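First comes the structure, then the notes that go with it.
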Protein chains: 2
Amino acid sequence: MKDWNRHNAISDFVRTRRKESKMTQSELSDLTGVGLRFVRDLEQGKPNLMTDKVNQVLLFFGHTLAPTPISDETRRNLGE
Amino acid sequence: MKDWNRHNAISDFVRTRRKESKMTQSELSDLTGVGLRFVRDLEQGKPNLMTDKVNQVLLFFGHTLAPTPISDETRRNLGE
DNA sequence: AAATAATATACCCAAAAAGGTATATTTTAT
DNA sequence: ATAAAATATACCTTTTTGGGTATATTATTT
């Protein structure tokens, strides 16, 4: 099983935005309609997520999943 | 069940890039390691996809899924 | 026009996600 | 230091994905 990575574009984005908004995971869960468990899996970098669940959360912050040129950081981590 | 939408950021991106590269769905499937069925679901806008499968395809085109401002979505996907 | 290639649809199955709940650990407030 | 709140981990169930294969439709080539 692929290992989790707390620090990836999506996890970092959500965790940062949530804290900036002074929300708890539980509040974000309620406001977005996804399960609390999902918010946790998301922020802790579960490798496999459903796109529409992720979008359900991102949408709350005015964002959405879209193809983006890979960053140097991503390129660096390709090997593992 | 949510309906499929052929024209969304991800589907359009993959279909366009694949055709630019003069590849068939089958070739893209082989080259990326995802199933042919997935390439089809992806290009036809299946509402729910696994992020790591999508990334497996996007990576081939030097991209990856990342949170993107909604207002920029259209611009980002039509260009480059 | 016919033949071939490419794309789309329909079926089944194994594997895994999402969610709920309960428990443990960490962080924050008093 | 203690209590309370927030976050993390573990177990279980239901639902749905991804993939394979077979068939149908559409597009391309000759």
Side-chain angles (χ1 to χ4, degrees), chain A residues 1-61 63-67 70 74 77-78 80, chain B residues 1-61 63-68 77-78:
Chain A
M1 179 170 113
K2 222 159 70 175
D3 38 349
W4 295 35
N5 172 25
R6 254 181 84 82
H7 293 294
N8 63 79
I10 301 171
S11 301
D12 284 341
F13 177 86
V14 172
R15 205 178 325 103
T16 300
R17 289 293 186 116
R18 177 176 64 79
K19 292 192 169 174
E20 281 174 4
S21 308
K22 302 246 193 286
M23 284 188 291
T24 66
Q25 293 176 337
S26 185
E27 286 168 331
L28 184 58
S29 160
D30 289 340
L31 288 167
T32 57
V34 305
L36 173 56
R37 269 283 314 281
F38 181 82
V39 173
R40 283 164 186 172
D41 291 350
L42 176 58
E43 291 196 2
Q44 287 161 232
K46 182 175 179 175
N48 248 347
L49 299 169
M50 310 285 309
T51 52
D52 80 333
K53 286 286 153 191
V54 177
N55 280 328
Q56 217 172 316
V57 174
L58 291 186
L59 210 57
F60 183 81
F61 298 114
H63 285 59
T64 191
L65 284 181
I70 59 175
T74 302
N77 296 334
L78 282 184
E80 17 172 306
Chain B
M1 180 183 178
K2 224 157 72 173
D3 37 347
W4 293 35
N5 172 24
R6 252 181 85 83
H7 294 294
N8 64 80
I10 301 170
S11 301
D12 285 340
F13 177 87
V14 171
R15 205 179 323 103
T16 301
R17 287 293 184 116
R18 176 176 65 78
K19 292 192 170 174
E20 281 173 4
S21 309
K22 301 245 192 292
M23 284 187 292
T24 66
Q25 293 176 336
S26 184
E27 286 168 330
L28 184 58
S29 160
D30 289 340
L31 288 167
T32 57
V34 305
L36 173 55
R37 269 280 314 281
F38 181 82
V39 172
R40 284 167 186 169
D41 290 350
L42 176 58
E43 291 196 1
Q44 285 163 53
K46 182 175 182 176
N48 248 349
L49 299 169
M50 311 282 312
T51 53
D52 80 333
K53 286 287 153 188
V54 177
N55 280 327
Q56 217 172 317
V57 174
L58 291 186
L59 212 56
F60 182 79
F61 297 115
H63 285 59
T64 193
L65 285 181
T68 307
N77 296 322
L78 294 186

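These numbers come from a predicted model, not from an experiment. Labels below follow one simple rule: chain letters A, B, ... track the order of the sequence lines, proteins then strands, and each chain is numbered from 1.
Distance, A:Leu49 CG to D:dT15 C1': 16 Å, rounded to whole Å. Atom NZ of A:Lys22 is separated from atom P of D:dT7 by 13 Å (rounded to the nearest Å). Residue B:Glu27 contributes atom CD, which lies 13 Å from atom C1' of C:dT7 at whole-angstrom precision. As a whole-Å value, the separation of A:Leu28 CG from C:dG19 P is 12 Å. Across the protein-nucleic acid pair, A:Met23 atom CE and D:dT7 atom C1' stand 15 Å apart, rounded to whole Å. Separating the CE atom of A:Met50 from the C1' atom of D:dT15 is a distance of 10 Å, rounded to the nearest angstrom. Computed from coordinates, the B:Lys46 NZ to D:dT16 C1' distance equals 8 Å when rounded to whole Å. Counting to the nearest Å, the P atom of C:dA18 and the CG atom of A:Asn55 are 12 Å from each other.
Remark: side-chain polar atoms of B:Arg18 are paired, donor with acceptor, to backbone N or O of B:Met23 under 3.5 angstrom. Using modelled atom types, no side-chain atom of A:Ser11 and backbone atom of A:Gln44 make a donor-acceptor pair closer than 3.5 Å. The backbone N or O of B:Val34 lies less than 3.5 Å from a partner atom in the side chain of B:Ser29, making a donor-acceptor pair. With hydrogens and angles disregarded, a donor-acceptor distance shorter than 3.5 Å links the side chain of A:Asn8 to the backbone of A:Asn5. Judged by distance alone, with hydrogens and angles left aside, the side-chain atoms of A:Arg6 form no donor-acceptor pair with the main-chain N or O of A:Gly45 at under 3.5 Å. Remark: the backbone N or O of A:Thr24 is paired with a side-chain donor or acceptor of A:Glu27 at under 3.5 angstrom.
Put simply, A:Gln25 has a side-chain N or O that comes within less than 4.0 Å of OP1 or OP2 on D:dA8. Using a 4.0 Å cut-off, no side-chain N or O of A:Arg15 falls inside it from OP1 or OP2 of D:dA8. Taking only side-chain nitrogens and oxygens, B:Lys53 comes nearer than 4.0 Å to OP1 or OP2 of D:dG19. Between A:Asn48 and C:dA16 there is no side-chain N or O to OP1 or OP2 distance below 4.0 Å.
Annotation: of the two residues near DNA chain C, A:Gln56 and B:Ser26, the 5′-most nearest-nucleotide partner is B:Ser26.
In this structure, A:Arg6 reaches the sugar-phosphate backbone alone: every heavy-atom distance under 4.0 Å involves primed, P, OP1 or OP2 atoms, never a base.
Between A:Pro67 and B:Leu58 the shortest side-chain heavy-atom distance falls below 4.5 Å. Side-chain contact between A:Leu65 and B:Thr51 is present, with heavy atoms from C-beta onward closer than 4.5 Å.
Within residues 34-45 of chain B, the residues that place at least one heavy atom under 4.0 Å from DNA chain D are, in residue-number order, B:Val34, B:Gly35, B:Arg37, B:Phe38.
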| said: Counting primed atoms plus P, OP1 and OP2 as sugar-phosphate and everything else as base, spell out the protein contacts along nucleotides 24-30 of chain D at 4.0 Å heavy-atom distance: B, S or - for each nucleotide, 5' to 3'. | reply: -------
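Here the straight-line distance linking atom OG1 of B:Thr32 with atom CZ of B:Phe61 works out to 8.5 Å at 0.5 Å rounding.
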